[in-house]
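Bear in mind that the values here come from a model prediction, so they are computed numbers and not experimental data. Throughout, protein chains are lettered first and strands after them, A, B, ... in sequence-line order, and every chain is numbered starting at 1.
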Amino acid sequence: MQNKDYHAQLNPAQLKAVQSISGPHLVIAGAGSGKTRVLVHRVAYLVEHGVNPEEILLLTFTRRAAEEMLRRASTLLDKRCSRVSGGTFHSFANFILRKYAAFAGLSSNFSILDQSDAEDAVGLVRAKLTLNKTDKRFPRKHAILEVISKSTNKSALLEDVLQQEYPQFQEFSAQIKKIRDGYNEYKRKKSLLDYDDLLIYLQVLLSQHADLRKKLSSRYKYIMVDEYQDTNRLQAHISCLLASEHGNIMVVGDDAQSIYSFRGANFRNIIDFPKIFKGTKIITLEENYRSTQPILDLTNAVIRQAKEKFEKNLFTRKTGGELPIFIDCPDDSAQSKFVADKILELREDGVNLKDMAVLFRSGWHSNDLEVELASRNIPFVKYGGLKFVEAAHIKDVLSYLRIAHNPADQVSWMRALQLIPGIGPKTANLILEAMAEKNKNAQEKIFKKKEELVKLFDLFDQVKADIDKPAALIEMFLKYYQPLLKIKYDDFHKRLNDLDSLINIAGRYKLLEQFLTDMALEPPERALVESGRADKDDSTLTLSTIHSAKGLEWSTVFIIYAADGHLPSYLSLENPDQLEEERRLFYVACTRAKMNLFLCKPNIDRSPRSQLASGGTVFTQVSRFLEQGGVLDKFISTQASGSEDGIGQFELEDIIGQPGKRSKEFFEDMKDYFSEENGF
DNA sequence: TGCTGTATCTTTTTT
DNA sequence: AGATACAGCA
């Protein structure tokens, strides 16, 4: 009956993956090969065959991805599919740890530190150990946390991480270890967990409590892990522990799309998977359903240059399609104008804005474009880059809520206290010590000096009744915080607006704990908050870092700043492994496109760094990933065959790089165009 | 002593 | 644009 539908909608390899129910499976899925479709159908298939949805655990990279899959599975079958358990490793860990806090030696109201909180805590510990005064070249708190985090995520010794990736810090090995131990102790005492701790605690919980492991493994009888190439050792270990009772685990991934090694991910998890689970069946998906042949030719040529990869042979049955186009723009703002022009033109031709995306390596690459789009009233949502909750004033208010939720949260206390004028790190510490020791004398002494302090404490006393209405709680704290905000920031008006938005978001939550957890683990995107929407609506252009574009696809894709030093990033040029990751990143970016692919670069680099380095005008080079292996020539020469007469006769969209034709000439060509049409 | 203002770098990517 | 280091001020 239903099986017929599955046959019709899936190719043989996909069908096999969907219908393989028991035992370990590894699905190697090339870009655009219908990986999501397999997962969605598999969920439906399992439920249809009598599996209780709650016994299926779907671990994905973002909660958005999980929700999208469950929504699609629901349309395929029925509402039962939405009861499937799922989320990110971190949110799943949070869920389990709150429930079984006692087993893990935690109090269930633990706070989650985001990266900057964690950095603050490291800074505190470092200051306490007075290691910062010894030497000027001592690593910053940011770098220290990075080293510590990498060693946990890779399950590697700190020394090894230092030796391999941070040789410049090797001489501080002993001090960094001291800071790490101090940091761990500090967090444990104050019921604080950073991102890595969520994983560590879950791993320890599962390894050390056999009864609990059995219980959980029996509860989650079917485990699926998406984007397995971007899991780290710790996450791989957790997956295996969860599957220990039954071995029903399917992991899906593509080694060519591994782009998270900077946080400890290792695509060798894919190779090692069959070693851990004997009898693993491997299924390879090679047919591409996403892109046209010319785009596929380009992406295949890009990944062919990779130093290390599993051979895959992606093919499509689609014929025809436009050739990818490379545009060398005079500068950043010309690039923005080109992209905006082209987007408007495509929209006139009937392409919906939601089917277009602009991708880039780092958050600031889109700054100029954002201004341009705004001035032309093109609605967009930006993913990646700085998050809404990372703004100082939002963090300030959240720190009050976190104290209300977990009074031991000293990181938040430090932040909240230092907002009061006249209180810096030292006094804040003094207050906290006086409170901890219940030293009435010392307390009164300090309290007498600052009436703000009394107000703050009174507020926390009042709070207890309303603890589970986050929105009301914020409004209450806002009365106290508003005057402080005005002193602290000149642009307090804009920031007050943001705080209204925060109240709005909080209004969607009944429980304070859930609200705070979400703000730490699944923070809303800035652009969505500012437009007052929960989701992007139907006709919105997408701007995204390549990392945040993972797993998504659009009919038209623009990649901006495809220049050497930007993509690949100048920070990765020295290290061969990092450079390979940049290549995969570029691959991921290009493979997002279904029909049209545009690559742009500004010819003049006005970024502060390059200005500083040279003092003069810096001309960019085409990204080396296009130069190498004739990638650029290959996809261009096909196009060039129909355009021997040169560039003059072409509309803008036909201006492309030709073999051997380099920046200087393009600069002239583009300059002409932009001066005439756009009033340069 | 500790806080605040000013100068000076430094800016990848994310849970 | 934000964090950090340093020097002067209460």
Side-chain angles (χ1 to χ4, degrees), chain A residues 59-65 87-94 112-120 123 126-127 132-133 136 138-143 146 149 152-153 193-199 227 230-232 234-235 258-265 359-365 367 383-387 389-392 395 417-418 420-430 449-450 487-489 491 517-523 525 544-550 561 565-573 575 578-579 581-582 584-586 588-589 607-613:
Chain A
L59 292 170
T60 51
F61 212 69
T62 61
R63 191 175 57 184
R64 244 168 83 218
T88 63
F89 276 94
H90 290 90
S91 64
F92 177 69
N94 171 70
I112 299 170
L113 302 179
D114 70 16
Q115 180 156 329
S116 75
D117 296 330
E119 281 170 12
D120 288 349
R126 186 183 67 169
N132 51 337
K133 301 279 183 221
K136 281 207 165 143
F138 197 79
R140 302 174 186 289
K141 60 188 184 183
H142 171 83
E146 205 168 81
S149 174
T152 24
N153 279 295
L193 269 66
D194 66 16
Y195 291 133
D196 300 336
D197 290 330
L198 288 169
L199 302 180
E227 311 278 11
D230 285 321
T231 57
N232 58 42
L234 206 44
Q235 291 165 319
S258 162
I259 54 174
Y260 277 91
S261 75
F262 68 91
R263 71 177 209 213
L359 307 182
F360 34 85
R361 175 67 178 86
S362 45
W364 61 267
H365 281 158
N367 285 356
Y383 293 94
L386 228 73
K387 292 281 196 313
V389 290
E390 283 162 358
K395 294 211 64 157
L417 290 175
Q418 286 179 83
I420 299 168
I423 296 183
K426 275 275 151 53
T427 315
N429 232 329
L430 224 66
K449 264 166 116 178
K450 299 270 175 228
I487 299 166
K488 202 173 161 195
Y489 304 101
D491 60 341
T517 299
D518 274 11
M519 290 307 106
L521 294 181
E522 306 270 356
E525 297 292 336
S544 176
T545 58
I546 300 172
H547 284 90
S548 299
K550 182 181 178 36
Y561 273 96
H566 290 105
L567 177 58
S569 160
Y570 72 102
L571 289 159
S572 304
L573 299 180
N575 180 323
Q578 283 182 42
L579 198 57
E581 178 145 316
E582 298 280 321
R584 294 191 294 270
L585 200 55
F586 181 62
V588 167
S607 65
R609 183 180 51 80
S610 70
Q611 294 295 300
L612 211 72

Open item on the list: According to a cutoff of under 5.5 Å between the ring centres and under 30° between the ring planes, does A:Phe89 stack with the base of B:dT15?
Closed with: no
Task: Rounded distance (Å) that lies between atom P of B:dT13 and atom CD1 of A:Ile259 - done: 13 Å
- [ ] For A:His142 and B:dT14, give me the distance from atom NE2 to atom C1', rounded to whole Å.
- [x] 12 Å
Open item on the list: If you assign A:Arg140 and A:Lys387 each to the DNA chain B nucleotide with the nearest heavy atom, which residue ends up on the more 5' nucleotide?
Closed with: A:Arg140
Task: Out of B:dT11, B:dT15, B:dT13, whichever nucleotide has its closest atom nearest the side chain of A:Ser362 - done: B:dT13
Open item on the list: Applying side-chain contact (heavy atoms from CB on, under 4.5 Å), can you list everything that pairs with A:Asp518, at least two apart in sequence or on another chain?
Closed with: A:Arg63, A:Tyr509, A:Gln514
TODO: Side chain of A:Gln115 only, please: which of C:dT4, B:dT13, B:dT15 is the nearest?
DONE: B:dT15
Open item on the list: To check you understand the geometry: which heavy-atom pair defines the closest contact between A:Leu567 and A:Tyr561, and what is its length?
Closed with: CB-O, 3.6 Å
Open item on the list: Of the listed nucleotides (B:dT15, C:dT4, B:dT14), which one gets closest to any side-chain atom of A:Tyr260?
Closed with: B:dT14
TODO: Applying side-chain contact (heavy atoms from CB on, under 4.5 Å), name anything that partners A:Tyr489, two or more places apart in sequence or on another chain.
DONE: A:Ala392, A:His393, A:Asp396, A:Tyr481, A:Leu485, A:Asp491, A:Arg495
Task: d(CD, A:Glu119; P, B:dT11) in whole Å - done: 12 Å
TODO: For the residue pair A:Ser572 and A:Ser569, confirm or rule out a side-chain donor-acceptor distance under 3.5 Å.
DONE: no
Open item on the list: Classify A:Tyr570 by what it touches in the nucleic acid, base, sugar-phosphate, or nothing, heavy-atom distance under 4.0 Å.
Closed with: sugar-phosphate
Task: Atom-pair distance (CZ on A:Arg126; P on C:dA5), nearest Å - done: 6 Å
Task: Distance below 4.0 Å between A:Ser91 side-chain N/O and B:dT15 OP1 or OP2 - done: no
- [ ] Please state how far atom CG in A:Leu386 lies from atom C1' in B:dT11, giving the value in whole angstrom units.
- [x] 11 Å
- [ ] Side chain of A:Thr62 only, please: which of B:dT14, C:dT4, B:dT15 is the nearest?
- [x] B:dT15
TODO: For residues A:Lys395 and A:Ser116, report the shortest heavy-atom separation together with the two atoms involved.
DONE: NZ-OG, 2.6 Å
TODO: Could you check whether A:Lys141 gets within reach of a base, just the sugar-phosphate, or nothing at all, counting any heavy atom under 4.0 Å?
DONE: sugar-phosphate
Mind listing the N/O atom pairs, protein and nucleotides 2-5 of chain B, below 3.5 Å?
residue : atom : partner  : partner atom : Å
B:dC3   : OP1  : A:Gly424 : N            : 2.8
B:dC3   : OP1  : A:Thr427 : N            : 3.2
B:dC3   : OP1  : A:Thr427 : OG1          : 2.3
B:dC3   : O5'  : A:Gly424 : N            : 3.4
B:dT4   : OP1  : A:Gly422 : N            : 2.5

Task: Pair A:Arg263 + A:Asp230: basic N to acidic O under 4.0 Å - done: no
TODO: Round to a whole Å and report the spacing from CZ of A:Phe360 to C1' of B:dT13.
DONE: 12 Å
TODO: Specify the separation, in whole Å, of atom CG of A:Asp120 and atom P of C:dG2.
DONE: 15 Å
Open item on the list: Minimum heavy-atom separation for A:Ala428 and A:Gln418, please, with both atom names.
Closed with: CB-CG, 4.1 Å
Task: Atom-pair distance (CG on A:Leu579; C1' on B:dT13), nearest Å - done: 15 Å
